[in-house]
Amino acid sequence: MSNIGSYEERLQGFDWSIAERELGYRAGDVINIGYHCSDRICDLGHGGKLALLWEDHQGREKSFTFDDLRVLSNTIAAFLVRLGVQPGERVCLFMDRVPELYIGFLGVLKMGGIVQPLFSAFREDSLATRLKDAATSVVITQRKHLPVVRRTREQLSSVRQIVVVDSEGAQLKAGEVALDLEGEPRVEAFEVFPSTAETPSVLHYTSGTTGQPKGAQHVHYSLIAQYLTTKWVLDLQSDDIYWCNADPGWVTGTSYGIIGPWANGATQAVLDAGFSAPRWYAFLQKYRVTVWYSAPTAIRLLMREGTELVRNYDLSALRHLASVGEPLNAEAVLWSKEAFGRPFHDTYWQTETGCIVVTNVPGLPIKPGSMGKPFPGITAAVVDLKTSEPLDTPGSVGLIGIKPPWPSLIRGYWNNPTGYANKFKNGWYLTGDRASKDGDGYFWFVGRDDDVINTGGHLVGPFEIESALLEHPAVAESAAVATPDPTNMEVVKAFVALKAGHDGNEDLELEIMNFIRKRLSPLAMPQKIEFVASLPKTRSGKIMRRVLRAQEFGEPVGDISTMMDD
Ligand code: PRX
C-alpha cells in the first residue's frame, strides 16, 4: 500500500494541516528544518537508524545515523556561532557531495543562518556573482576548491571567513579556518535558533532570462510541503533506502536530497561521483536502493548503454522510480519499464515552488509523456498567455499557473522585489512554462516561455553567458540560446559577432569555449559557436534570442513585428 493511498480521496478536503500534525507543528511554534531533520527523528526514538550511506568515486565509504546527524550538525552550528556568524547571515556551502555538505546544511539552519548551497562546478565569475548578490559572510568549502574561492574572494568585501573541511596539508591564510568535523569535540547539546514559519532558510540561485541569477528565498515553513510531497509522491517508508542523484547545489538536491527524506526519517544513499552507468547500477545493487529519484538526462544516458547491462546487476530491491528537471519523454518511461520492470514517475516543479506541484503519484495511471496531475493541496491551471485567465478547453496551450499560497512557495527574490512581483498575475503564480491539460486533467509540458536554457536539467541564463562573452577581447556582441541535443535535451549555442580585426576560426571558437568554462562552469560553456556579422535586434536594440532559438529548433520564427517594437 502506498503512503498516499487513493489520489481522489486525498483531494477531498485536503489541508496542509495534515503535514503540520504529523510533524507536531502548530501555528506560531518554532519550526527549524535542521532540528526537524535530525533531533526530532532522535526524539521519536530513531536516533540509531542510518540516515546517510555515503560513497565517493574512490570507493571510500562512510555512514551516519540520525544521532550522528544531530551531533555533527550541532558541531557545525556551534562552530559557526564561535566564528561570530549571526542569525540571518548567508553561509555558502561550496562542496562536492561530501558528508559535510549534507550535515553542514542542517548545521547552518540550526544556528539561524541562511544556507546558500552552490554547485561546486561553478568557477569564479559564477561564484562571485552569487556571493556578491547575497553579501555572503562565510563560505564552507574543500581544499580542492580553495583556489577558486580565494580568487573569488579577492573581488568581494562581504566574505569574512572561508571554512575548509579537509584542510590537512593546506597552508591556510588569514581569514581561513579549518573544520575537521569528525575530529572536533562532539557537541551533544546545542540550542537551536528559534526560527518560526517565515524565517528565511535556504537561498538558491536560479537563472532567468534577464539579468544575473536570482536568489530564491525559502523559509522554514517550506518543510510542511517538502515533508508531505516526499511521503506521498516519493512514497518513502520506514525500511526504504532512497537515492536522489541530484546535487544539493540545485533545489532537487535540497528539497528531496536533504529536507524531505530526513524529515521523514528515511535512510539515504549518496554517491559522490560523476555519471557512469556501471557505477550507478553497482551503487543501486550494493545499497539495495528501493526508491530512486533521477532525471531524464541520466535516464537517456542509461538508455544509450542498453538493457543488457542492467541484467548484470541485481536491482530487485528497486520498487519506485521518479524523475524531475526536464520533460520525461514517453520512450524513457517505456524503457524503464523494460529495463527495471517499473516506470519512472514524472514530477514537475521549480526552485521557486520548493516542492513537487504536478506529478504522477503512486497509483495514478501514468500516461507516458504527461507530467501527471496537481499534488493535492496545489491548485494548478493552464492560463492564457496574455490574460492569465484559466483555459478550460482541453488541449489549449498556455502557461502553467499555480494558485498561491502553498507552504514552500519562495517568499521573494533576494534584493529583487520587482522580479518577484512580476511572477504573479491575475491571482496566479506564473511558472513561465507552457503546457496543456487534457480532458482527464493530466498536464502535458510544451516548453519554456522564456530564453532560459535547460541543459541536462540545469537552468542556465543567457545573460550570464553573454556578459562573460563580452569580457573576451575578440567579442563585440553575442546571443546565447538553446540548441537541441539528443542527451541533454538542450545545450548552449553562442552566436558571436567579432570586433574588427578578429577572424572567426576554429582556434578562436575553442578559445572562447574554454574562456566561458573557466569563468562560469562546464554547464554554461557553449557547445557550439557560430560567428555572425550581426545579430537580429528589436528597434530599441534588444537582441532577439527567440528568432535564433526558433532557427535552432527548426520552428517557425512567427510574427516578429511585436518583438521589433520591444
Ligand atoms: O522548465 C521546467 C523544467 O525545469 C524548470 C525548473 O528548473 P529549476 O528551478 O532548476 O528546478 C529544477 C528541479 C525542480 C521548470 O520551470 N522542469 C522541471 N521539471 C520538469 C520540467 N520540465 C518538464 N517536465 C518536468 N517534469
Any chance you could measure [X], atom [atom1], to [Y], atom [atom2], to the nearest 0.5 Å?
X	Y	atom1	atom2	result
Arg123	Arg519	CZ	CZ	14.0 Å
Ile366	Arg342	CD1	CZ	11.0 Å
His204	Glu352	NE2	CD	11.0 Å
Leu399	Asp384	CG	CG	8.5 Å

Less than 6.0 angstrom separating the ring centers of [X] and [Y], yes or no?
X	Y	value
Phe340	Trp292	yes
Phe119	His458	yes
Tyr293	Trp243	no
Tyr420	Trp414	no

Item checked: Pair Asn360-Tyr442, side-chain hydrogen bond (donor to acceptor under 3.5 Å, both in side chains): steps then yes or no -> CA-CA 9 Å; Asn360 293 284; Tyr442 282 70; 5.4 Å; no

Note to self: For Glu552, is there an ion pair with Lys493 - N to carboxylate O distance below 4.0 angstrom?
What the structure shows: yes

Notebook entry, point to check: With the threshold set at 4.0 Å, does a side-chain nitrogen-carboxylate oxygen contact exist between Glu477 and Lys537?
Noted result: yes

Check: Does the Ser222 side chain pair with the main chain of Pro407, one donor and one acceptor, at a distance under 3.5 Å?
Finding: no

Next item on the list: Check whether any side-chain N or O of Lys373 sits under 3.5 Å from a backbone N or O of Asp440 as a donor-acceptor pair, and report yes or no.
Entry: yes

Margin query: Assess the residue pair Tyr287 and Glu55 against the criterion (side-chain hydrogen bond (donor to acceptor under 3.5 Å, both in side chains)); give the C-alpha distance rounded to whole Å, side-chain angles, the decisive distance to 0.1 Å, and a yes or no.
Written below: CA-CA 10 Å; Tyr287 293 97; Glu55 190 173 310; 2.6 Å; yes

Assess the side chains of [X] and [Y]: does a donor N or O sit below 3.5 Å from an acceptor N or O?
X	Y	result
Thr483	Glu490	no
Gln116	Thr136	yes
His472	Glu511	yes
Tyr413	Thr206	no
Glu326	Tyr348	no
Thr455	Asn488	no

Check: Between Phe122 and Arg130, is there a cation-pi geometry (under 6.0 Å to ring centre, at most 45° from the normal)?
Finding: yes

Note to self: Using the rule given for salt bridge (Lys or Arg N to Asp or Glu O under 4.0 Å), can you reason through Arg545 versus Glu466, listing the C-alpha separation, both sets of side-chain angles and the distance that settles it, and then say yes or no?
What the structure shows: CA-CA 11 Å; Arg545 295 190 198 103; Glu466 291 159 4; 2.8 Å; yes

Next item on the list: Using a cut-off of 6.0 Å, state whether more than 12 heavy atoms not belonging to Lys425 lie near its atom NZ.
Entry: yes

Check: Only one of Asp235, Thr230, Leu234 forms a side chain to side chain contact (heavy atoms under 4.5 Å, CB included) with Tyr242, so which one is it?
Finding: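 When Asp235, Thr230, Leu234 are each tested with Tyr242, the side chain to side chain contact (heavy atoms under 4.5 Å, CB included) holds only for Leu234.
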
Next item on the list: Could you give me the CA-CA distance, side-chain angles and deciding distance for Ser408 and Gln226, then say whether side-chain hydrogen bond (donor to acceptor under 3.5 Å, both in side chains) is met?
Entry: CA-CA 7 Å; Ser408 59; Gln226 289 150 349; 5.2 Å; no

